[in-house]
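Structure, as structure tokens:
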Amino acid sequence: MRNVIASEWLKLRTVRSTHGLLAASAGILLPAAGISAAMIADWDGSTAESQALFASADPGVLVMPFAQFCLAALGALAITSEHATGTIRASSVAVPDRGRLFRAKAAVVAAVGFLAGQLIALASMAAGHLLSGDRPAPIAAATTLADAFQQGLLLTVSALVGLGLGAVIRSTAGTFVALAALIFVLPMLAGFLPWDAAAYMLPNLAALAAGPALLAMAGYGGAALAAGSAAGRRRDV
């Protein structure tokens with residue numbers, strides 16, 4: 001298994017899209033911090049009555065959804081790129097056990113997603129606190145270390161969801177459309193439902209309490225990986 005994981009890591013890190021998506025995930029922090037700084041400057045020049053109407057100048061509001069899609073796309077490309085180029089056949093010959101091959105891909109995607117996710121979440125939290133300083137609510141960034149860790153986990157799960165969907169759909173474009181719907185469209189539609197379904201949509205899980213958030217993340221990640229593994233075993237490459 002160690003050799004299979006090493007091979008998958010080599011493939012992932014030598015694909016140009018991996019570096020581009022990771023750079024985009026981190027790079028969004030710059031414009032997000034600029035928007036937060038503009039909000040804080042506006043807040044500083046406002047009356048007390050107006051200041052009470054402001055939202056938090058937390059860069060994570062912009063960083064997290066964008067980074068979530070980028071890491072989900074990274075997870076998807078870990079397998080759809082092989083289907084697109086036909087190299088999945090060579091991988092299947094080298095590792096005939098498709099379940100083992102998929103588990104190796106999942107391990108690599110999870111490791112990259114966890115490291116990148118935690119770094120992005122921590123950087124976003126640090127930027128928010130640095131920019132808002134000792135200003136009071138509502139403008140102050142209220143993200144804690146525990147919140148940042150939970151956000152990083154959500155980014156990890158998003159990468160695994162991307163991998164699972166990619167294994168099922170096999171098309172890069174089709175998987176990206178599905179991810180966009182899951183991350184951006186469904187949460188908005190869920191807001192029209194009579195119960196609080198939006199809170200359990202993938203982009204919003206980090207805002208839940210720790211217990212429900214971890215259970216929901218495990219559900220999303222587990223379901224996506226199970227579907228992807230089953231698709232790989234039952235369908236021809």
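Scope of the values below: all heavy atoms of this structure, side chains included, with no hydrogens, waters or symmetry mates.
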Determine whether [X] and [Y] fall in the same hydrophobic cluster, where Ile, Leu, Val, Met, Phe, Trp and Tyr are linked whenever their side-chain heavy atoms lie under 4.5 Å apart.
| X | Y | result |
| --- | --- | --- |
| Leu186 | Val177 | no |
| Ile79 | Phe69 | no |
| Leu202 | Leu208 | yes |
| Ile183 | Leu160 | no |
| Leu119 | Val112 | no |

Going by heavy atoms in the side chains, are Ser17 and Leu74 under 4.5 Å from each other?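 No, side chains not in contact.
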Distance alone, cut at 3.5 Å: any donor-acceptor contact between the side chains of Ser50 and Thr47?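 Distance-only check passes for Ser50 and Thr47.
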Do the side-chain N and O atoms of Ser158 and Gln68 include a donor-acceptor pair separated by under 3.5 angstrom?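 Judged by distance alone, the side chains do pair up.
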Give every residue pair that meets the salt bridge (charged side-chain N to carboxylate O under 4.0 Å, His left out) criterion with at least one member in residues 55-77, sequence neighbours excluded.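 Every candidate salt bridge (charged side-chain N to carboxylate O under 4.0 Å, His left out) pair involving residues 55-77 fails, so no pair, neighbours aside, qualifies.
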Should the heavy atoms of other residues, nucleotides or ligands under 6.0 Å from CZ of Phe54 be counted, would the total exceed 12?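 Enclosed: over 12 neighbouring heavy atoms sit under 6.0 Å from CZ of Phe54.
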Are there more than 12 heavy atoms of other residues, nucleotides or ligands under 6.0 Å from atom CG of Leu145?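 Counting other residues, nucleotides and ligands, CG of Leu145 stays at 12 neighbours or fewer.
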Separation between OG1 of Thr175 and CG of Leu165, rounded to the nearest 0.5 Å: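 So the OG1 of Thr175 and the CG of Leu165 are separated by 6.5 Å.
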May I ask you to decide whether Arg89 forms a salt bridge with Glu82, counting only side-chain N to carboxylate O separations under 4.0 Å?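 Salt bridge between Arg89 and Glu82, a charged N being under 4.0 Å from a carboxylate O: no.
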Minimum-distance pair of heavy atoms, taken over all atoms of Ala159 and Gly113: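 The answer is CB-CA, 4.5 Å.
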